[in-house]
**Student:** 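One structure is given below, represented as C-alpha cells, and several questions about it will come after.
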Amino acid sequence: MSKAALPGFRDFYPAEFAERALIFRAWREVARRYAFVEYDGPPLEPLELYTKKSGDEIVGQLYNFTDKGGREISLRPEMTPSLARMVGARANALRKPVRWFSIPQLFRYERQQRGRLREHFQLNVDIIGEADVTADAELLAAAIDIMAELGLGPADVRARVSDRRLLHAILLSLGAAEEQVNAYYGVIDKFERQPRELSHEKMTSLGMSDANVARLFTHLGPTSVQSLRESFPDAAVLEQLDGIARYLGYLDRLGVGEWVVLDLTIVRGLAYYTGIVFELFDAKGELRAICGGGRYDNLLGALGGQDLPALGFGMGDVVLGELLRERGLMTPPSHTAEFWVAAENAERLPEVMEAARALRDAGGSVEYALRSQQLQKQKKAAQSAGAGYFVTLGEGPGSIASIQSLTAASAPSGIESATTIDALCQLLASRTSSESD
RNA sequence: GUGACUGUAGCUCAAUUGGUUAGAGCACCGGUCUGUGGCACCGGGGGUUGCGGGUUCAAUCCCCGUCAGUCACCCCA
C-alpha cells in the first residue's frame with residue numbers, strides 16, 4: 001500500500017485544510033455581499049451531459065466509467081452543464097436574473113503540472129436571465145472583489161477583458177470570412193504564446209491580407225476603446241465598442257476600474273462563449289489564469305433547455321493558492337484551543353473535565369491532558385498545542401489558581417484575572433453575545 | 001498522449017572518482033532540569049536510498065525498465 005495520494009490528488013492535512021478554508025471563506029463572503037446564493041449538484045453525472053456540450057473528444061479527459069447498472073457515468077469536470085440542467089428543469093419557476101454560486105470539486109483525467117491537478121475546487125458564479133452588460137460588469141466586479149478580500153491589489157492581479165462580438169466585427173472589417181472566424185480566434189488565443197511570425201503566417205493562410213494582419217496585430221495586447229474607434233471606424237465595430245465602453249464605465253462605478261484592461265487576445269478556448277469574456281492573471285504573468293469566464297447566451301438552449309442569456313466564471317483554488325502563498329497572504333488563523341485546563345495531580349482529572357465542560361458550554365475552545373502528567377508536562381503540552389491560556393485549577397471546587405497567557409498577543413478582556421470557572425464562563429458568555437450582535 | 005530533467009527519514013540536505021552497520025538539523029516520542037514561560041541536557045522511534053532488473057568482489061552512486069514529481073508541448077478548468 002502506497003502512502004501517497006493518487007497522482008494529481010491532494011491530502012489536506014490541517015495546515016493545508018486551513019489554507020483551503022481561507023480561500024473558501026473569501027469566496028463565500030464576497031458571494032454573500034453580491035447576493036449570490038449557493039447551490040450544488042451531484043459529483044457524478046451521466047457522461048452524455050458532457051459529450052453533448054463538448055463532443056466525444058472530451059471523454060479522454062474525464063474520469064468516466066460504467067456503473068453497476070450499466071450507465072455511462074463521469075465525475076464532473078466542470079459545473080456549467082449541471083447548472084444548465086438544474087436551471088433548465090425549473091426555468092419558468094426561477095426568479096430572474098438567477099444569481100447562483102457553487103464550490104464544486106471538479107475532476108479531470110490529465111497529466112498534472114504546476115497549477116493543474118486532476119482535482120480542484122472551483123468557485124462558479126453565474127447570472128442567468130440578463131442580456132445587458134450590466135450583468136457582465138456585476139460578475140467581473142465580484143471576481144475582482146474576491147482578490148481584494150484576499151488582500152491582493154491591482155498591482156498583483158490584472159483583469160483582462162474582451163468581447164467576442166467585438167473581435168468578430170473587427171475580423172469581418174479586416175476581410176475575414178465568416179466561416180473562418182473561429183479559426184482566427186484560435187490564432188489570436190495563442191498570440192502571446194507563440195512567435196509573432198508564426199501567428200502572422202497562420203492568419204494570412206486563413207485569407208487575411210498582410211497589411212490587415214499587421215493592422216490587427218498592433219491592437220493585440222492592452223488597448224483602449226478610443227484607439228480601436230480610431231483604427232476601425234466600421235459601423236459594426238463602433239456599435240460593439242459602445243457596449244464595451246458602457247461595460248468599462250460600469251466597472252468604474254463598481255469600484256474595480258483600475259484592475260481592468262481591454263485586451264483582444266483574451267478569447268478563451270471554449271467555443272460556447274458568445275460575448276464579453278475575461279480572465280484574471282497575476283500581474284507578473286508567471287502563473288496560469290486565476291479565473292476565467294464570460295457570456296454564453298446560447299448554451300442553455302443548446303443543452304436542450306430554455307434559451308436564456310447567461311454568463312459566469314470559474315475560479316480554481318490551485319493557482320489562486322499559489323499566488324497567495326507567493327505574496328505571503330496565505331496565513332490562515334490557527335484554530336487551536338483557547339484554554340488548556342490543568343490540575344496539580346491526577347486524582348483531579350474529573351474536576352478538570354467538569355471545568356472543561358463548563359467552559360465549552362460558555363463557547364470556549366478547551367483542551368486538557370488526556371493522561372495524568374506532571375503540571376510542568378501539561379504546560380509544555382499546552383504550549384506545544386498552541387493553546388491561548390493555561391488554566392490551573394485551585395484548591396476549592398470550581399476555583400482557579402492561575403491563568404497564564406501562553407501566546408504573545410493576549411486578549412484585553414481581563415480574562416487572566418478570573419478566579420473561578422464560573423467567572424470565566426460569564427466573561428466568555430458575554431463575549432459570545434456581544435460578537436453576535 | 002509526446003519530450004526533457006529529478007527521485008536518500010515527515011521536512012531540508014549529507015554520504016571520498018563505486019568501498020564497513022546510509023548520517024545531521026528540524027519535527028515527533030520518552031526522560032532529567034528550570035516557576036515567567038515553546039529553554040537546556042540525555043535518550044528513543046522512524047529509511048527495502050521510489051520500485052524491478054542488470055553490470056561488479058562490492059551499487060545511494062553506473063546501465064535498462066517502470067512508477068512518481070517538476071517543466072515544456074497538447075488541451076483546457
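Since we're looking at a predicted model, the values are computed, not measured. A note on names: the letters A, B, ... follow the listed sequences, proteins ahead of strands, and every chain is numbered from 1.
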**Student:** Roughly, in whole Å, what's the span from CG in A/Asp189 to P in B/C73?
**Tutor:** 13 Å
**Student:** Verify the contact: side-chain N or O of A/Lys377 to OP1 or OP2 of B/G31, cut-off strictly under 4.0 Å; return yes or no.
**Tutor:** yes
**Student:** Taking CZ from A/Arg108 and P from B/C76, how many angstroms apart are they, rounded to a whole number?
**Tutor:** 9 Å
**Student:** Between C1' on B/G10 and OH on A/Tyr13, what's the gap in Å once rounded to a whole number?
**Tutor:** 8 Å
**Student:** Starting at atom CZ of A/Arg116, determine the distance to atom C1' of B/C71, rounded to an integer number of angstrom.
**Tutor:** 13 Å
**Student:** Quick one: is A/Arg371 getting a side-chain N or O under 4.0 Å of the B/G30 phosphate, OP1 or OP2?
**Tutor:** yes
**Student:** Give me syn or anti for B/G37, where syn covers glycosidic angles within 90 degrees of 0.
**Tutor:** syn
**Student:** In terms of side-chain geometry, is the basic nitrogen of A/Arg32 or A/Glu29 positioned less than 4.0 Å from the acidic oxygen of its partner?
**Tutor:** yes
**Student:** Do A/Phe24 and A/Phe121 have ring centroids that are under 6.0 Å from one another?
**Tutor:** yes
**Student:** Using a 4.0 Å heavy-atom cut-off across all strands, classify A/Gly8 as base, sugar-phosphate, or nothing.
**Tutor:** sugar-phosphate
**Student:** Whether the A/Gln404 and A/Lys379 side chains hold a donor-acceptor pair (N or O, under 3.5 Å, no angle test) is what I'd like checked.
**Tutor:** yes
**Student:** Any base atoms under 4.0 Å from A/Gln61, or only sugar-phosphate, or nothing? Heavy atoms, all strands.
**Tutor:** sugar-phosphate
**Student:** Would you say A/Lys380 reaches B/U34's phosphate, i.e. side-chain N/O to OP1/OP2 under 4.0 Å?
**Tutor:** no
**Student:** Between A/Asp136 and A/Arg295, does any NZ, NE, NH1 or NH2 come within less than 4.0 Å of an OD or OE carboxylate oxygen?
**Tutor:** yes
**Student:** If I take atom CZ in residue A/Arg118 and atom C1' in nucleotide B/U70, what distance separates them, rounded to the nearest angstrom?
**Tutor:** 15 Å
